[in-house]
Amino acid sequence: TVTVSCLAGIPPLLFSDKIFRKIGHPNVQVIGFLVYVIRLIGYSYLTTPYMCLIYEVMESITSALMLTSMMSYAAQLSSTTTLTTVQGVFGAAYFGLGRGFGTFIGGFLMKWLGGASPDKTVGTRATFRVLGVAAAVTAVLYFLFNIFYIRRRNHLKLSPPVEKTVDKTVEKTDIH
């Protein structure tokens, strides 16, 4: 599975710059979350182990492209003095906190959703479905956050300063 996902990740990485310029980093993130929905819910319906290879190909979007987009977007949003800090915090949050809590919560959900069922796949299938729904909710929330906060903030930053006339002198002020 790792070989399949790594090989599938090469083309998106080769064209990542063009993809980011064409659809933008936030849209790549939303698409990545939506592909996570397909992957996670798809995993919950697997009956044959080899079928997982279909969903591993999607990891090229959910891991390779999303992670590259996140790092690149962090560079775009931060200043030169805060770039390494922002990328370091992101890396620590994703690889440290995210994976740690994800493993803990996933294991807890598998046990809790499986209940007393002797079939151990019950909790696993339900967990994948719950996490698929969580990815869908995250996609919608991030999409709305991007539209109503980030785009609005960036639009205000890019708008030209308003000129006010005070006692026959022109004074430039920013409207932030």
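Heavy-atom basis, side chains included; hydrogens, waters and symmetry copies ignored.
In this structure, the side chain of Ser5 engages the main chain of Thr1 through a donor-acceptor pair within 3.5 Å. One N or O on the side chain of Ser60 and one on the backbone of Val57 form a donor-acceptor pair closer than 3.5 Å. Of the possible donor and acceptor atoms, none in the side chain of Asn146 sits under 3.5 Å from a partner among the backbone N and O of Tyr142. Judged by distance alone, the side chain of Ser16 and the main-chain N or O of Leu13 form a donor-acceptor pair under 3.5 Å.
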Residue pair Thr68, Phe20: steps toward the side chain to side chain contact (heavy atoms under 4.5 Å, CB included) verdict: CA-CA 10 Å; Thr68 306; Phe20 301 153; 3.9 Å; yes

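Looking at heavy atoms from C-beta onward, Leu113 lies in side-chain contact with Val130 at the 4.5 angstrom threshold. Contact annotation: the side chain of Leu34 never approaches that of Ile38 to less than 4.5 Å [non-hydrogen atoms, C-beta and beyond]. Side-chain contact between Tyr94 and Leu67 is present, with heavy atoms from C-beta onward closer than 4.5 Å. The shortest side-chain heavy-atom distance between Pro26 and Phe145 does not fall under the 4.5 Å cut-off. Contact of the Glu56 side chain with the Tyr43 side chain is registered, since non-hydrogen atoms from C-beta on lie closer than 4.5 Å. Considering only heavy atoms from C-beta on, Tyr36 comes within 4.5 Å of Met66 through its side chain. Using a 4.5 Å cut-off on side-chain heavy atoms (C-beta onward), Phe128 and Arg125 make no contact.
Using a 4.5 Å cut-off between side-chain heavy atoms of Ile, Leu, Val, Met, Phe, Trp and Tyr, with links allowed through other members, Tyr55 and Ile10 fall into the same hydrophobic cluster. Both Phe104 and Leu109 are members of a single hydrophobic cluster when ILVMFWY side chains are connected at heavy-atom separations under 4.5 Å. The hydrophobic clustering, which links ILVMFWY residues whose side-chain heavy atoms are closer than 4.5 Å, places Phe101 and Val137 apart. Side-chain heavy atoms closer than 4.5 Å link hydrophobic residues (I, L, V, M, F, W, Y) into clusters, and following such links, possibly through other members, connects Leu97 to Phe90. Follow the hydrophobic side-chain contacts under 4.5 Å out from Ile31 and you reach Met70 in the same cluster.
Side-chain contact of Ser117 with Asp119: a donor-acceptor pair under 3.5 Å is absent, judged by distance alone. Ser79 and Thr82 form a side-chain donor-acceptor contact under 3.5 Å, judged by distance and modelled atom types alone.
When hydrophobic side chains of Ile, Leu, Val, Met, Phe, Trp and Tyr are connected at separations under 4.5 Å, Tyr45 ends up clustered with Val37, Ile41.
The heavy-atom pair separating Gln87 from Met71 by the smallest distance is NE2-O, 3.1 Å. Minimum interatomic distance between Phe33 and Ala139 (heavy atoms only, all atoms of both residues): CB-CB, 3.5 Å. Of all the heavy atoms in Ala75 and Leu83, the pair that sits closest is CA-CD1, 3.2 Å. Nearest approach of Pro11 to Ala8, heavy atoms of both residues: CD-O, 3.4 Å.
Separating the CG atom in Asp17 from the OG atom in Ser69 is a distance of 11.0 Å, to the nearest 0.5 Å. In this structure, Ser63 OG and Met58 CE are separated by 13.0 Å, a value rounded to the nearest 0.5 Å. Distance OG1/Thr127 to CE/Met110: 5.0 Å, rounded to 0.5 Å.
Within a 6.0 Å sphere centred on CZ of Phe15, heavy atoms belonging to other residues, nucleotides or ligands number 12 at most.
Partner of Val35 under the side-chain contact (heavy atoms from CB on, under 4.5 Å) criterion, chosen from Leu65, Leu40, Ile61: Ile61.
In this structure, Phe108 and Trp112 have parallel ring planes: the angle between them is below the 30° cut-off, well short of the 60° mark.
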